[in-house]
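Worksheet for the structure shown next.
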Amino acid sequence: MTPQESTQVAVELERLRGAVDTGFATLNGRLDTSLQRTTQVEKEVGELEARVTVLERARWPLPTIGVLAGVGGTVTALIALLR
């Protein structure tokens, strides 16, 4: 290999190294963005789970509402029957 050829190889290797470094920097930026978005989504999911838990505790179960409606209907029927 002549000195000129080895210089050209060295220049091309340096260009390739620059391209690889640029690619890795771009990839790292994208990964950082993805990690930030994932962290934000996990936080929002946690907040939503907490809200759903609060709503589940505060709701009336359907069987209880059914029993209350039945008792109300029975009381109304007894009042109408006794009058």
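What you see is a predicted model; the values in this text were computed from it and never measured. The figures here come from the full heavy-atom set of this structure, side chains too, leaving out hydrogens, waters and symmetry mates.
- Taking CZ of Arg37 as the start and OG1 of Thr39 as the end, the distance is 12.0 Å to the nearest 0.5 Å.
- Between Asp32 atom CG and Leu27 atom CG the span is 9.5 Å, to the nearest 0.5 Å.
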Let me see the working for Arg15 and Val11 under side chain to side chain contact (heavy atoms under 4.5 Å, CB included), right down to the final yes or no.
CA-CA 6 Å; Arg15 286 182 188 162; Val11 169; 3.9 Å; yes
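- Residue Leu31 qualifies as enclosed at atom CG: its count of foreign heavy atoms under 6.0 Å is above 12.
- The line from CZ of Arg17 to OG1 of Thr22 is 11.0 Å long, rounded to the nearest 0.5 Å.
- To the nearest 0.5 angstrom, Asn28 atom CG is 11.5 Å from Leu35 atom CG.
- Residues Glu49 and Val52 are not in side-chain contact: their nearest non-hydrogen atoms beyond the backbone lie 4.5 Å or more apart.
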Report the C-alpha distance between Arg51 and Leu48 in whole Å, list the side-chain angles of each, state the deciding distance to 0.1 Å, and finish with yes or no for side chain to side chain contact (heavy atoms under 4.5 Å, CB included).
CA-CA 5 Å; Arg51 288 176 58 193; Leu48 285 174; 3.8 Å; yes
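- The closest side-chain heavy-atom distance from Thr64 to Pro61 is below 4.5 Å.
- Distance CG/Leu13 to CD/Gln8: 12.0 Å, rounded to 0.5 Å.
- The side chain to side chain contact (heavy atoms under 4.5 Å, CB included) test with Thr38 is passed by exactly one of Gln36, Glu42, Gln40: Glu42.
- The hydrophobic cluster containing Leu55 does not contain Leu62, counting ILVMFWY residues as joined when their side-chain heavy atoms lie under 4.5 angstrom apart, directly or transitively.
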